[in-house]
Amino acid sequence: MRKYLFKILIFVFVNSVSGFAQKNNALTLESCLEMAINNNFDVKIAGQKANISVRNLEQSQKEKLPTLSTDFSQGFNLGRNIDPVSNQYVTQPINSATLGLTSSTTLYKGDIIKNTVSLNEKFQKSAMIDAEILKFDLKKAVTLAFLEVVLKQEILDLKIEQKKIIETQITRNNALIELGNLPKSSLIELKAQLENETLGILEAENQLLDAKNYLKKIMNTPELEIKEVKEPLVQDLFKASINKTDNLVGVPLLLQKKLNVDIAENQIKLKEGTKKPSLFFTGGLFTNYSSQANRRIKFIGEPQQVIQVSENQFISINGNNFPLNVVSQVPKTEEVRFGYLSQLFSNIGLGLKLNLEYPILDKNYRNTQIQISKIEKQIAQSELQKAETEVKNDLLQIKTQLENSKKLYLQAQKYESAQNEAFKLSKERFEEGMNSFVEYNQTKLSLEAAKSNVIRNKYTHYFYNLVYKYYTGN
């Protein structure tokens, strides 16, 4: 006896743990939304495009910094050429090189750099909003598909429960037949109804499978096995209030359209900046080498004493001028080639330049571009007004459907309660032999339809409640 009791306890415990684990592993709406966003290729591509806009922004910010570049060239010429160092014609083979280091910076450019940075900041925000728009639309689609799975699951549970009712009735009738209180023919209609309920279960299972496959398709998770889904929690379902003034700032589409107006305004400033003067500063270090450079004098050894006749120093004797002999130190030298590195270090030069540019005549090109940008801003403003109108109309429709679905849900519950009482009465009368099976079955079907109607209206109300929150954040 103790063995059997122990086995029963183990069986109950294992089933309880299994049921708990299955419930914890059930898919939630939040997990489905997360998977759908993570697996959606359009969202990934939008994120990658946003990364490009970040790089463009970083680059435009660095335009304020000076540039620094170096250049080097080495050449060999034959025949009649110009020596790049002396700028003279030479006929001998010439080997030459130039080396330079240049830096430049923009001192002023009509605020174009500042406005370009501002424009790229807006482009970055726009790229991020593009991803949010995709996520926003994806959330609505996933929510609808998820609730469809929950709905089909509840309808399947309802069908299974209806089948159990018929099976219970068959069991009861079998007992009455054995007692002789009912004829065997009373089971024929019940068994036919049992087969019909089995068919309804198969149809409900197929509909549930289709709903799960569609949900997996939207989430891009074809290998995912959906065993169970968890009904989403919508707080205060019956007390859901709709604000008279809705905050639509969080709708990504409106944020993007508003940003497009700012981008158009920024474009106007950029085009106006092209009509202003620009000031640039450039500086550089330069040097060169030429194989035809003059040879250099090199001192070698100690200087030598040399006696020379002076050309301008004389001594006068008896009226005659005699030149003097002068002892001088003469250095000992020789001519040597002016080396490659020596020339590069000796020929270093510095250059500084300040450039001022001011547009005078451009065939009215700049004015035309400014006018086009102003028209583009007007278009962006019109698109914003159009989007605001469309979103407000969508929200008005959602609010109407939310209110109507709430009323239908509450009324469906009342109707289900009334049908449940009618079914109980019909069941009692059928069991007492006062009602035919047709009448009994009709009340059962009416109750089943009432329960299905409650389920459908509940999830319709769920959907519009969640979508309303997506739009308003309330």
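Start at 1 with the first residue, then count along the sequence.
Residues Lys139 and Leu466 are not in side-chain contact: their nearest non-hydrogen atoms beyond the backbone lie 4.5 Å or more apart. Phe136 has its side chain out of reach of Ile133: every pair of non-hydrogen atoms, C-beta onward, lies at least 4.5 Å apart. Under the 4.5 Å side-chain criterion, counting only non-hydrogen atoms from C-beta, Leu447 is not in contact with Thr443. Counting heavy atoms from C-beta outward, Glu388 and Leu384 have side chains that approach closer than 4.5 Å. At least one side-chain heavy atom of Phe463 sits less than 4.5 Å from a side-chain heavy atom of Thr143. Between Gln162 and Ile165, the closest side-chain pair of non-hydrogen atoms falls below 4.5 Å. Between Lys406 and Tyr464 there is no side-chain heavy-atom pair separated by less than 4.5 Å. You'll find the side chain of Thr98 stays beyond 4.5 Å of the side chain of Phe286, heavy atoms only.
No more than 12 heavy atoms of other residues, nucleotides or ligands shown are found within 6.0 angstrom of CZ on Arg456. Within a 6.0 Å sphere centred on NZ of Lys49, other residues, nucleotides and ligands contribute 12 heavy atoms or fewer. Within a 6.0 Å radius of OH in Tyr365, other residues, nucleotides and ligands contribute 12 heavy atoms or fewer. The number of heavy-atom neighbours closer than 6.0 Å to CZ of Phe76, taken from other residues, nucleotides and ligands shown, is above 12. Other residues, nucleotides and ligands place more than 12 heavy atoms under 6.0 Å from the NZ atom of Lys140.
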Legend entry - Pair Tyr289-Gln74, side chain to side chain donor-acceptor pair (under 3.5 Å): steps then yes or no: CA-CA 9 Å; Tyr289 162 80; Gln74 181 75 46; over 6 Å; no
Inset, instruction - Output, in order, the C-alpha distance, side-chain angles, deciding distance and verdict of side-chain contact (heavy atoms from CB on, under 4.5 Å) for Ile160 and Lys163. - result: CA-CA 5 Å; Ile160 293 173; Lys163 182 180 178 181; 5.6 Å; no
Inset, instruction - Kindly determine whether Val251 and Tyr470 satisfy side-chain contact (heavy atoms from CB on, under 4.5 Å), including the steps that lead there. - result: CA-CA 8 Å; Val251 179; Tyr470 294 158; over 6 Å; no
Inset, instruction - Please step through side-chain contact (heavy atoms from CB on, under 4.5 Å) for the pair Lys275 and Asn367, ending with a clear verdict. - result: CA-CA 9 Å; Lys275 298 179 66 175; Asn367 287 331; 2.7 Å; yes
Legend entry - Lys257 vs Leu253, side-chain contact (heavy atoms from CB on, under 4.5 Å): CA-CA, chis, key distance, verdict: CA-CA 6 Å; Lys257 297 301 181 182; Leu253 178 63; 3.9 Å; yes
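A salt bridge (charged side-chain N to carboxylate O under 4.0 Å, His left out) with Lys159 holds for exactly one of Glu448, Glu197, Glu205; it is Glu448.
Between Ala264 and Lys377, the shortest heavy-atom distance links the atoms CB-CA, 3.4 Å. The two residues Val142 and Ile218 make their nearest non-hydrogen contact at CG2-CG2, 3.4 Å. The heavy-atom pair separating Ile370 from Lys271 by the smallest distance is CG1-CB, 3.6 Å. The heavy-atom pair separating Leu224 from Leu27 by the smallest distance is CD2-CD1, 4.0 Å. Residues Ala450 and Glu416 share a closest heavy-atom pair of CB-CA, 3.9 Å. Contact detail for Ser373 and Gln267: the closest heavy-atom pair is OG-O, 4.1 Å.
For Asn288 (side chain) and Ser96 (main-chain N/O), no donor-acceptor pair under 3.5 Å exists by modelled atom type. Remark: the backbone N or O of Ala412 is not paired with any side-chain donor or acceptor of Asn453 at under 3.5 angstrom. The closest donor-acceptor contact from the side chain of Thr368 to the backbone of Asn364 lies under 3.5 Å. The closest donor-acceptor contact from the side chain of Ser405 to the backbone of Gln401 lies under 3.5 Å. No donor-acceptor pair closer than 3.5 Å links the side chain of Ser104 to the backbone N or O of Thr282. At distances below 3.5 Å, not a single donor-acceptor pair connects side-chain atoms of Lys269 with backbone N or O atoms of Asn115. Panel note: side chain Ser53, backbone Ala50; a donor-acceptor pair is recorded below 3.5 Å. Under the 3.5 Å distance criterion, the side-chain polar atoms of Ser126 are left unmatched by any main-chain donor or acceptor of Lys122. Of the possible polar contacts, none joining the Thr106 side chain to the Phe280 backbone as a donor-acceptor pair under 3.5 Å is found. Remark: the backbone N or O of Ala380 is not paired with any side-chain donor or acceptor of Asn260 at under 3.5 angstrom.
Checked by atom type, the side-chain pair Glu63/Gln59 shows a donor-acceptor distance below 3.5 Å. Side chains of Ser69 and Thr102: no donor on one and acceptor on the other come within 3.5 Å. Side-chain atoms of Glu231 and Tyr459 include a donor-acceptor pair closer than 3.5 Å. Looking at Asp157 and Gln153, their side chains do bring a donor and an acceptor atom within 3.5 Å of each other.
Between Glu132 and Lys135 there is a salt bridge, since at least one side-chain N of the basic residue sits less than 4.0 Å from a carboxylate O of the acidic one. Under a 4.0 Å N-O distance rule, the pair Lys152/Glu148 qualifies as a salt bridge. Using a cutoff of 4.0 Å between basic side-chain nitrogens and carboxylate oxygens, Lys451 and Glu161 are not scored as salt-bridged.
Between Tyr468 and Tyr471, the ring center distance fails the sub-6.0 Å criterion.
A tilted orientation is assigned to the rings of His461 and Tyr409, their planes being inclined by 30° to 60°.
To the nearest 0.5 Å, the span separating CD1 on Ile263 from CD on Gln256 amounts to 8.5 Å. Considering CD1 of Ile455 and CD of Glu154, their distance stands at 4.5 Å, rounded to 0.5 Å. A distance of 9.5 Å separates CD of Gln442 from OG of Ser426, quoted to the nearest 0.5 Å. In this structure, CG on Leu344 lies 7.5 Å from CZ on Phe72, to the nearest 0.5 angstrom. Remark: Ser31 OG to Met35 CE distance equals 4.5 Å, nearest 0.5 Å. Here Leu254 contributes atom CG and Glu390 contributes atom CD; the two are 9.5 Å apart, rounded to the nearest 0.5 Å.
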